[in-house]
J.: 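Pasting in a structure now, in structure tokens, and then I'll have a few things to ask.
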Amino acid sequence: MVSKEVSTWMIAKDLCRCCHAEGDFFNLATPNTFKDREEIYSDMLRTCFDIEIDPVPGGLCIPTYSICSKCVVKLREAIIFKEQVLKCEEKFYELLTSSSIAVSTQIKKEPEMDSEDYNDDMGDDLDDEMDDYIDDMDNDTDTIDTDLKLEPGEHQIEEHLKRPLRSRIQKTTEVTKIKAAQEPKPKPKPKPKKPPKEKAVKKEEKKVKKERKKEDNTERKGTKPKFSLRPGDFTYNNGTYTCTLCDTPYSAIQSLRYHIRSKHYKLPKYKCQYCDQEFMTLPPFVVHKLNDHNVDERYECTACQSKFNAPSQLRKHINGFHMLGEKYKCDSCDYETFSFETLYKHKFKHKTVKDYHCRFCKKAFLRKATLELHERIHTGDRRKVCKICGQAFVQKASLNYHMTKYHPNVNF
């Protein structure tokens, strides 16, 4: 048997996860202070770039969960730049909503150049440069056989070839310039100028084609064009985005955009390219294509070949089932888990105060999700609908009871 040598990466000190440098570096999860400001570099990477760097289990956890000082400086500059952009956007929308922005009527116009003329000139220049380059290469590669006998009158050629290459090229160039100056230059034919109206029409046609191409790409992928927020949809204050329609705060603009689009405007994000049916989230869209069109676009785990309907479901599976993610520990007991959602649900076992109160009957609950489910009884929000008889229910448990009692032969 032939044994294959496997190279091992020996880490002497700490390893920077951002550039793979080695040395004495900062831990990604340890708080550090810079100019009276606390910094946790793993949170900064997540906030600025949406990059989640997870620690590995075992003895490699501490030495490989670090970041070097150079990468810290770059990350800090990126955070500062992001804050600058957000502040500028906030100021811009404040001026926009108060009608404090105006456009000057005098606009400086840059001279326009015809793209065809520009390409022709560039092509001629490149051809001339290439010809000069080939001539220079031919001059450099010329060789002389010293064993040949020179005929009378050929000593001038020999002396010319013995001169340095630079002087030969310079002299040849001067002779060429003199000949070119003596020859009459033909006048270039003026190219017919295109009317500006046709140029403007072509520009508009190009814009329309680009927009149609973008729409075609989004339809092939199944996603709709990106939803844009309006100035009156939210307010921004000290890094927090607040929905003006329901006063829900968010730390990321992406979460606010998804909330307003799905909760208030009821705009679906995904559209089936086969039947034009629309969906709010990705999992039912993936299930629809598999069941109705026999198109399997599920996300497969490379370790156990399990399939999931969304990347987030696959990520939770890898972190929890295969135990490759970060381990979370309860502060009140010895419970440990690889799932943050499972730990969140577990903590309600230690909670005793019911601080979520119903707006209609003042009934209290431990969880906000339970409160929202209870309030649907008062508002008449019956989302669970029987596909057989059309009867609607508030809770999934009520629908399951209905299916078991009245439609026992139907799989649900």
Side-chain angles (χ1 to χ4, degrees), residues 215 218-227 229-230 233 243-248 250 255-299 306-314 316-317 341-342 344-345 348 354 356-412:
E215 292 177 358
T218 53
E219 287 179 0
R220 290 192 194 100
K221 295 178 182 178
T223 56
K224 287 194 163 187
K226 191 174 182 181
F227 170 74
L229 293 171
R230 300 174 184 175
D233 291 338
C243 175
T244 56
L245 302 174
C246 63
D247 296 331
T248 305
Y250 293 92
S255 303
L256 174 70
R257 184 184 294 113
Y258 174 77
H259 163 77
I260 294 178
R261 184 191 69 240
S262 59
K263 299 294 182 181
H264 299 296
Y265 289 130
K266 305 293 183 182
L267 297 177
K269 184 179 181 180
Y270 302 95
K271 182 179 181 180
C272 180
Q273 61 268 38
Y274 304 105
C275 63
D276 294 337
Q277 189 173 347
E278 298 178 335
F279 301 87
M280 302 294 292
T281 56
L282 180 60
F285 178 44
V286 174
V287 173
H288 162 76
K289 286 192 288 187
L290 178 63
N291 296 336
D292 295 359
H293 306 292
N294 199 23
V295 178
D296 191 357
E297 294 185 354
R298 292 176 294 177
Y299 300 85
S306 299
K307 294 185 178 181
F308 302 90
N309 298 324
S312 58
Q313 297 176 0
L314 174 61
K316 291 177 183 178
H317 164 79
E341 290 80 3
T342 305
Y344 176 79
K345 295 177 181 178
F348 285 104
K354 298 181 178 181
Y356 294 100
H357 300 275
C358 177
R359 297 174 294 171
F360 304 96
C361 65
K362 306 303 179 183
K363 190 175 181 179
F365 300 90
L366 290 174
R367 306 183 186 185
K368 184 180 179 181
T370 311
L371 169 64
E372 293 176 349
L373 188 63
H374 164 78
E375 287 185 345
R376 292 180 188 174
I377 300 174
H378 300 287
T379 58
D381 186 359
R382 301 176 180 270
R383 305 183 184 183
K384 308 300 178 182
V385 182
C386 176
K387 295 182 180 180
I388 307 301
C389 62
Q391 189 173 352
F393 304 90
V394 175
Q395 299 179 358
K396 183 70 164 57
S398 303
L399 175 61
N400 293 342
Y401 175 78
H402 166 81
M403 297 296 294
T404 305
K405 184 177 181 179
Y406 297 100
H407 312 290
N409 298 326
V410 178
N411 295 326
F412 61 93

J.: Calculate, to the nearest 0.5 Å, the distance between atoms NZ and SG belonging to Lys263 and Cys246 respectively.
T.: 9.5 Å

J.: Phe279 versus Val286: any side-chain heavy-atom pair under 4.5 Å?
T.: no

J.: Which residues pass the ring pair (Phe, Tyr, Trp, His ring centres under 6.0 Å) test with His264, sequence neighbours left out?
T.: His259

J.: Under 3.5 Å, which donor-acceptor pairs do the side chains of residues 397-408 form with other protein atoms, sequence neighbours left out?
T.:
| unit_1 | atom_1 | unit_2 | atom_2 | d |
| --- | --- | --- | --- | --- |
| Asn400 | OD1 | Lys396 | NZ | 2.9 |
| Asn400 | ND2 | Lys396 | O | 3.4 |
| His402 | NE2 | His407 | NE2 | 3.4 |
| Thr404 | OG1 | Asn400 | O | 2.8 |

J.: Does Thr342 have any side chain to side chain donor-acceptor pair (under 3.5 Å) partners at least two apart in sequence or in another chain, and if so, which?
T.: Ser339

J.: What heavy-atom pair brings Tyr258 and Thr281 nearest, and what distance separates the two atoms?
T.: OH-CG2, 3.3 Å

J.: Show every salt bridge (Lys or Arg N to Asp or Glu O under 4.0 Å) that has at least one partner inside residues 361-372, sequence neighbours left out.
T.: none

J.: With heavy-atom distances below 4.5 Å as the criterion, would you say the side chains of Lys271 and Asp276 are in contact?
T.: yes

J.: With sequence neighbours excluded, tell me which residues meet side-chain contact (heavy atoms from CB on, under 4.5 Å) with His357.
T.: Ala364

J.: Once you round to the nearest 0.5 Å, how far does CG of Leu371 lie from OH of Tyr356?
T.: 9.0 Å

J.: To the nearest 0.5 Å, how far apart are NE2 in His293 and CD in Gln273?
T.: 8.0 Å

J.: Show every side chain to side chain donor-acceptor pair (under 3.5 Å) that has at least one partner inside residues 377-393, sequence neighbours left out.
T.: His374-His378, Asp381-Arg383

J.: Under the side-chain contact (heavy atoms from CB on, under 4.5 Å) rule, collect the residues that match up with Val287, sequence neighbours excluded.
T.: Asn291, Asn309

J.: List the residues meeting side chain to side chain donor-acceptor pair (under 3.5 Å) with Tyr265, not counting sequence neighbours, and say none if there are none.
T.: Asp233

J.: For Tyr344, check side-chain contact (heavy atoms from CB on, under 4.5 Å) against everything at least two apart and list the hits.
T.: Phe348

J.: Could you tell me which non-hydrogen atom of Ser255 sits nearest to which non-hydrogen atom of Tyr250, and how far apart they are?
T.: CB-CD2, 3.6 Å

J.: For the atom pair CD1 (Ile260) and CG (Leu229), what is the distance rounded to the nearest 0.5 Å?
T.: 5.0 Å

J.: Taking the side chain as every heavy atom from C-beta outward, state whether Leu282 and Pro311 have any atom pair closer than 4.5 Å.
T.: yes

J.: As an exercise, state the distance from CG of Asp292 to OH of Tyr274, rounded to the nearest 0.5 Å.
T.: 12.0 Å

J.: How would you list, by chain and number, every residue that makes a side chain to side chain donor-acceptor pair (under 3.5 Å) with Glu375, sequence neighbours excluded?
T.: Arg359

J.: List for me each residue that meets salt bridge (charged side-chain N to carboxylate O under 4.0 Å, His left out) alongside Arg298, sequence neighbours excluded, and say none if there are none.
T.: Asp296

J.: Closest approach of Gly390 and Val385, non-hydrogen atoms and distance?
T.: O-CG1, 3.8 Å

J.: If I take atom CD from residue Gln277 and atom NZ from residue Lys289, how far apart are they, to the nearest 0.5 angstrom?
T.: 12.0 Å

J.: Grab the two heavy atoms, one from Pro268 and one from Met280, that are nearest each other, plus how far apart they are.
T.: CA-SD, 3.5 Å

